[in-house]
Enquirer: 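Have a look at this one before I ask anything.
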There are 2 protein chains.
Amino acid sequence: MLLLLVGIGMKYEDLTLQAIQAIESADLVIIDTYTSIHEDINRIIELIGRKEVRLAKRSDLEGVGIERIVEEAARRKVAILVPGDPLIATTHEAIRVEAAKRGVEVKVVNGLTVVSLAFSRSGLHFYKLGRTVTLTYDPSSVDYVLRVIQDNTSRGLHTLILLDWRAEESKAMTVQEAVSMLLEGDKEGLLAGRVGVGLARLGFSDEYMVADLVPNLGGYEYPGPPHSLIVTGDLHFMEVESLRYNCGLPEKLYERLVKRL
Amino acid sequence: MLLLLVGIGMKYEDLTLQAIQAIESADLVIIDTYTSIHEDINRIIELIGRKEVRLAKRSDLEGVGIERIVEEAARRKVAILVPGDPLIATTHEAIRVEAAKRGVEVKVVNGLTVVSLAFSRSGLHFYKLGRTVTLTYDPSSVDYVLRVIQDNTSRGLHTLILLDWRAEESKAMTVQEAVSMLLEGDKEGLLAGRVGVGLARLGFSDEYMVADLVPNLGGYEYPGPPHSLIVTGDLHFMEVESLRYNCGLPEKLYERLVKRL
């Protein structure tokens, strides 16, 4: 009958009126617990109330899981709740296309995503975002991410690096791990003089952001996952000011950057 | 005392619980009416109720306007409501930095932004977004936008093109105008065989999206502004499927694209 793909942001207060309506109108609510982490899943479950709720693992939302969900949505109103925005990662697009093929209507309710928060919180300019990339524990990932950073920075652009999250193993890559993996692979010294921003639990009530030279970012204390990282390209004066006031850019580095502009 | 920068998305139902709390707690509410268009400003004003409301023009939020707002926020709780997300455009960052310099606390409440909606609605992959650019009525803008498209497509990446909006003249660029300006400037035939997506009132209740070859996008009927445009780079099979099911990609073009993959 209807499949609702509902973004729920990072915390309870990120719910939009539209997301609440979607949750209230659904017969079955499926909560995606594997593409990302949400601060207030228990409060969301309270909001859902007495209706049927399922916590979905990867296998429930991929492969044959997709067919099962689409079949259910052909009979009743099914809402899939996704931390962040439902379609910024490519994961849920396969469900949407399969539903369309079977003539099941799909409605997307967008949610806040780390992609826009990373820029609007740090003060870096979104129109200077180059290609976004995910660093995973897969050894070939480091080289790929370094190539993307090189390609972006050569154009003056920033690189947003999302970090691996393996729900099934409860394993989430930290900024410290990411920095150390990238530095080890960085034979050309691409990162040595680059300013970066370490982002932890962005949009959560205990979010933490810090700007410093990339090699130094591993030395800070961060709250738990999810983490992500920005490697900056060319910085505009206003961006340097923003990193100073929003992300605690160290004063000495601030002065050096301002002198260079 | 406190300056709240509050994203209100595109329509009333996009309000987050956090945005509603921010509006209710403010002593003075300023609504930005010039950086973008919102579907339900009147319902937002109803929500604000009896407290002081101001509709702000460009001059109220730039230059000396910034100092005036920061001075007010030093005395009482001021919320600036911004269609979409408050800091994806660079406009409001100057207010945030000025407040920080004067020791006035700033809180950002994020909102849905066209930047993430353009990808999550169309089904194009966000990690293939290259540099984002705005096409303005300024004659030099066409060349700049074409250079960005060339640079992005040469790397297989998509280009999101935001279109000029001149609140003071109530003048908003349409997809038709944008396509005709770009084709006229496109001496190298960069756009001829490219697939694009025309986006009108994305996130509004009457949103409209259509995928076709860029030169054909000017031939469709769109609802009113705001409009934007995506010029695609290399397309993954799933993206072609998504454009077919989500954006009405013509069947003949679909078959041609699938054959090429």
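Computed from a predicted model, the values in this text were never measured in an experiment.
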Enquirer: When rounded to the nearest 0.5 angstrom, what is the spacing between CG in A/Leu160 and CG in B/Leu129?
Expert: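 If I round to the nearest 0.5 Å, the distance is 11.0 Å.
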Enquirer: Search all heavy atoms of A/Arg155 against all heavy atoms of B/Arg155 and return the closest pair with its distance.
Expert: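 Closest pair (atom of A/Arg155, atom of B/Arg155, distance): NH2-CD, 3.0 Å.
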Enquirer: Please check if any side-chain donor atom of A/Asp14 sits under 3.5 Å from a side-chain acceptor atom of B/Thr16, or the reverse.
Expert: no
Enquirer: Within a radius of less than 6.0 Å around NZ of A/Lys101, do more than 12 heavy atoms belonging to other residues, nucleotides or ligands occur?
Expert: yes
Enquirer: Specify which of A/His236, A/Glu241, A/Arg244 makes the most heavy-atom pairs with chain B at under 4.5 Å.
Expert: A/Glu241
Enquirer: Quick check for you: among A/Gly123, A/Gly130, A/Pro86, which has the greatest number of heavy-atom pairs under 4.5 Å with chain B?
Expert: A/Gly123
Enquirer: Based on non-hydrogen pairs under 4.5 Å, which of B/Leu5, B/Val148, B/Val108 is most in contact with chain A?
Expert: B/Val108
Enquirer: Between A/Asp85 and B/Ser116, is any side-chain donor less than 3.5 angstrom from a side-chain acceptor?
Expert: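 Side chains of A/Asp85 and B/Ser116: no pair found under 3.5 Å.
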Enquirer: Can you tell me how far the CG atom of A/Leu87 sits from the CG atom of B/Leu117, to the nearest 0.5 Å?
Expert: 10.0 Å
Enquirer: What's the spacing between A/Phe126 CZ and B/Leu162 CG if we round to 0.5 Å?
Expert: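 Result: 8.5 Å between the selected atoms.
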Enquirer: Less than 4.5 Å to any heavy atom of chain B: does that hold for the side chain of A/Gln21, its backbone, both, or neither?
Expert: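 Just the side chain, heavy atoms under 4.5 Å.
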Enquirer: Considering residues at least two apart in sequence or located in another chain, which fulfil the side chain to side chain contact (heavy atoms under 4.5 Å, CB included) criterion with A/Arg43?
Expert: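 A/Arg43: side chain to side chain contact (heavy atoms under 4.5 Å, CB included) contacts with A/Tyr12, A/Glu13, A/Asp40.
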Enquirer: Find the one option among A/Thr113, A/Asn246, A/Val133, A/Val109 whose heavy-atom pairs under 4.5 Å with chain B are most numerous.
Expert: A/Asn246
Enquirer: Which pair of non-hydrogen atoms, one from B/Val97 and one from A/Ser242, has the smallest distance, and what is that distance?
Expert: CG2-OG, 3.7 Å
Enquirer: Nearest 0.5 Å, what's the CD-CZ distance between A/Glu93 and B/Phe119?
Expert: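 Atom-to-atom, A/Glu93:CD and B/Phe119:CZ are 12.5 Å apart.
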Enquirer: When you check the side-chain N and O atoms of A/Asn152 and B/Arg131, is any donor under 3.5 Å from an acceptor?
Expert: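 Absent: no donor and acceptor within the cut-off.
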Enquirer: To the nearest 0.5 Å, tell me how far B/Gln18 CD sits from A/Lys11 NZ.
Expert: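 Output value for this atom pair is 4.0 Å.
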Enquirer: Drop me the distance from B/Arg96's CZ to A/Tyr245's OH, to the nearest 0.5 angstrom.
Expert: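 The OH atom of A/Tyr245 is 13.0 Å from CZ of B/Arg96, to the nearest 0.5 Å.
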Enquirer: Identify which of B/Ser120, B/Ala94, B/Gly111 forms the greatest number of heavy-atom pairs closer than 4.5 Å to chain A.
Expert: B/Ser120
Enquirer: Are any non-hydrogen side-chain atoms of A/Asn110 and B/Arg121 less than 4.5 angstrom apart?
Expert: yes
